[in-house]
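Let me begin by presenting the structure, written as structure tokens, before commenting on it.
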Amino acid sequence: MNLCDIRTVRELLAAFGTGTKKGFGQNFLINAAVPERIAEECCDARDSVIVEVGPGIGCLTAELAKRYKRVIAFEIDKTLMPVLKYTLGSFSNVEVINEDILKVDLPAVLAEKAAGERVSVCANLPYYITTPILMRLVECGAAFESITVMVQAEVAARLTAAPGSADYGAITASLCYYGVPKKLFTVTAGNFMPAPKVDSAVVRIDLYRDKPVKPKSPDLFFKVIRAAFGQRRKTLTNALGTAFPTLNKEQLSDALTSLGFDPRIRGERLSTAEFAALADALLPLLPDSTK
């Protein structure tokens with residue numbers, strides 16, 4: 001069964017009385033080469049367990065199951081569960097769980113189903129909820145080795161941007177705390193049904209086992225990043241002044257100067273490591289309630 005054949009996709013959805021749901025951001029792949037390449041490049045270790053988010057009708061799931069030890073897929077749309085039972089019935093190494101990835105306790109699930117095993121993530125993320133899912137995956141505490149996601153092309157540009165570039169933002173600086181993002185390839189809109197209005201791209205994030213950047217207060221570190229990009233056109237001194245009203249302009253300027261930065265610098269110029277250094281410099285100046 002070719003799960004990327006447009007006629008097969010339509011017949012399957014019709015047979016099970018379902019269809020594409022705009023509310024779930026569903027776009028089904030209709031080019032078999034795409035899921036094959038994603039599955040091939042998403043993980044280096046064939047003995048890995050792969051967590052998939054949003055299997056749809058199972059075209060990527062099947063390719064993952066052919067290559068890796070097991071697949072644990074999370075599908076929020078209950079109407080697709082019987083479809084997946086049918087399309088993936090020949091794979092004994094696939095389990096599909098009808099849960100919202102934003103609500104499920106991933107570390108608990110993996111402790112039960114993949115304890116002591118190597119685990120990576122592979123997901124075709126809905127455009128409208130890309131950032132919450134991605135941050136949920138890196139923040140949940142599960143020991144993933146890598147996370148591979150297909151996202152809107154402009155989001156991929158932000159995820160992989162360098163400091164100082166127009167695409168660099170809070171999501172970039174935050175994500176680089178957890179791992180190294182790299183764009184793998186572009187997927188044009190015509191590879192989907194229905195075709196979205198924009199192209200997509202596949203990004204792989206190799207996660208750190210031991211994070212090289214270690215801020216003294218991770219909460220403050222992320223607050224500094226959010227402040228820096230919350231008012232992107234302001235200088236970093238002014239942006240931080242809004243976020244930390246207990247600090248005056250002189251204190252903020254001195255903190256930046258002590259790190260070798262011009263107080264007129266904007267946040268988009270700082271790397272993840274430099275944001276950590278800035279947060280550490282601000283830490284002793286702040287009352288406990290704002291750290």
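Numbering of residues begins at 1 and proceeds along the displayed sequence. Side-chain atoms are counted along with the backbone in the values below, which use heavy atoms only and exclude waters and symmetry mates.
By the rule that hydrophobic residues join a cluster once side-chain heavy atoms approach within less than 4.5 Å of another member, L64 and F185 end up as members of one cluster.
Closest approach of C42 to I50, counting heavy atoms only: SG-CD1, 4.5 Å. Nearest heavy atom pair, residue A114 against residue R70, reads CA-NH2, 3.8 Å. Across A281 and A255, no two heavy atoms sit closer than the pair CB-CB, 4.4 Å. When all heavy atoms of L102 and P132 are compared, the pair lying nearest together is CD2-O, 3.6 Å. The minimum heavy-atom distance between A189 and D199, with the atom names listed, is N-OD1, 2.9 Å. Between L84 and G58, the shortest heavy-atom distance links the atoms CD2-N, 3.5 Å.
No salt bridge links E40 with R37; every basic N to acidic carboxylate O contact stays at or beyond 4.0 Å. For the pair K103 and E99, the salt-bridge criterion is not met [side-chain N within less than 4.0 Å of a carboxylate O]. Residues D44 and R204 are paired through a salt bridge, judged by an N-O separation under 4.0 Å between the basic side chain and the carboxylate. Ion pairing of R7 with D5 is absent here, as no side-chain N (NZ or NE/NH1/NH2) approaches a carboxylate O to less than 4.0 Å. Between D210 and K214 there is a salt bridge, since at least one side-chain N of the basic residue sits less than 4.0 Å from a carboxylate O of the acidic one.
Residues Y177 and F275 keep their aromatic ring centres 6.0 Å or farther apart.
For the pair T79 (side chain) and G17 (backbone), a donor-acceptor distance under 3.5 Å is absent. Checking side-chain atoms of T148 against main-chain N and O of C122 turns up no donor-acceptor pair under 3.5 Å. One N or O on the side chain of T172 and one on the backbone of G169 form a donor-acceptor pair closer than 3.5 Å. A donor-acceptor pair under 3.5 Å links the side-chain atoms of E75 to the main chain of G56, judged by distance alone. At distances below 3.5 Å, at least one donor-acceptor pair connects side-chain atoms of T272 with backbone N or O atoms of A173. Side chain of R232 to backbone of A228: no donor-acceptor contact under 3.5 angstrom is found. Side-chain atoms of D206 never come within 3.5 Å of backbone atoms of V180 as a donor-acceptor pair (strictly under, hydrogens ignored). Looking only at distances, a side-chain donor or acceptor of T130 sits under 3.5 Å from a matching main-chain atom of P126. Judged purely by atom type and a 3.5 angstrom limit, S253 has no side-chain atom pairing as donor or acceptor with the backbone of P263. For E139 (side chain) and R136 (main-chain N/O), no donor-acceptor pair under 3.5 Å exists by modelled atom type.
Put simply, CG on D262 and OG1 on T235 are 9.5 Å apart, with the number rounded to the nearest 0.5 Å. If you take CG on D280 and CG on L220, they are separated by 8.0 Å, rounding to the nearest 0.5 Å. The CZ atom of F192 sits 10.0 Å away from atom SG of C4, with the distance rounded to the nearest 0.5 Å. To the nearest 0.5 angstrom, L259 atom CG is 11.0 Å from D254 atom CG. Taking OG1 of T186 as the reference point, atom CE of M150 lies at 11.5 Å (rounded to 0.5 Å). Here the CG-OG1 distance, from N124 to T61, works out to 10.0 Å after rounding to the nearest 0.5 Å.
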Between N191 and T188, is a side chain to side chain donor-acceptor pair (under 3.5 Å) present by the stated rule, with each step listed?
CA-CA 6 Å; N191 289 285; T188 56; 3.0 Å; yes
Intermediate values then yes/no, side-chain contact (heavy atoms from CB on, under 4.5 Å), E36 and L60:
CA-CA 7 Å; E36 289 172 3; L60 176 57; over 6 Å; no
side-chain contact (heavy atoms from CB on, under 4.5 Å) between F28 and L13, intermediate numbers included:
CA-CA 11 Å; F28 298 109; L13 296 176; 3.8 Å; yes
Could you check F222 against S174 for side-chain contact (heavy atoms from CB on, under 4.5 Å), going step by step and ending with a plain yes or no?
CA-CA 7 Å; F222 287 114; S174 299; 3.9 Å; yes
Run L282 and L252 through side-chain contact (heavy atoms from CB on, under 4.5 Å) and show every step you take.
CA-CA 8 Å; L282 296 179; L252 293 167; 3.9 Å; yes
Yes or no on side chain to side chain donor-acceptor pair (under 3.5 Å) for K234 and T237, after CA distance, side-chain angles and deciding distance?
CA-CA 8 Å; K234 286 189 174 184; T237 300; over 6 Å; no
Check the pair S120 / E145 against side chain to side chain donor-acceptor pair (under 3.5 Å), numbers first and verdict last.
CA-CA 5 Å; S120 287; E145 295 194 351; 4.8 Å; no
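A heavy-atom distance below 4.5 Å is found between the side chains of F74 and V109. The side-chain heavy atoms of V198 and E154, taken from C-beta on, include no pair separated by under 4.5 Å. Side-chain contact between F244 and V224: present, with at least one pair of heavy atoms (C-beta onward) separated by less than 4.5 Å. Two residues are said to be in side-chain contact when any heavy atoms from C-beta on lie closer than 4.5 Å; V203 and L184 fail this criterion. The side-chain heavy atoms of T242 and N238, taken from C-beta on, include no pair separated by under 4.5 Å.
Tested against L134 for a side chain to side chain contact (heavy atoms under 4.5 Å, CB included), the candidates I129, V151, I147, V121 yield a single pass: I147.
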Name each donor-acceptor pair under 3.5 Å that joins a side chain in residues 156-168 to protein atoms two or more places apart or in another chain, with its distance.
from	atom 1	to	atom 2	distance (Å)
T160	OG1	A156	O	2.8
S165	OG	A162	O	2.7
Y168	OH	L270	O	2.7

Scan the side chains in residues 88-95 for donor-acceptor partners under 3.5 Å anywhere in the protein, sequence neighbours excluded, and list what turns up.
from	atom 1	to	atom 2	distance (Å)
N93	ND2	A65	O	3.0
N93	ND2	Y68	O	3.3
N93	ND2	K69	O	3.4
E95	OE1	K113	NZ	3.4
E95	OE2	K113	NZ	2.9

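Heavy atoms from other residues, nucleotides or ligands lying under 6.0 Å from CZ of R269 number 12 at most.
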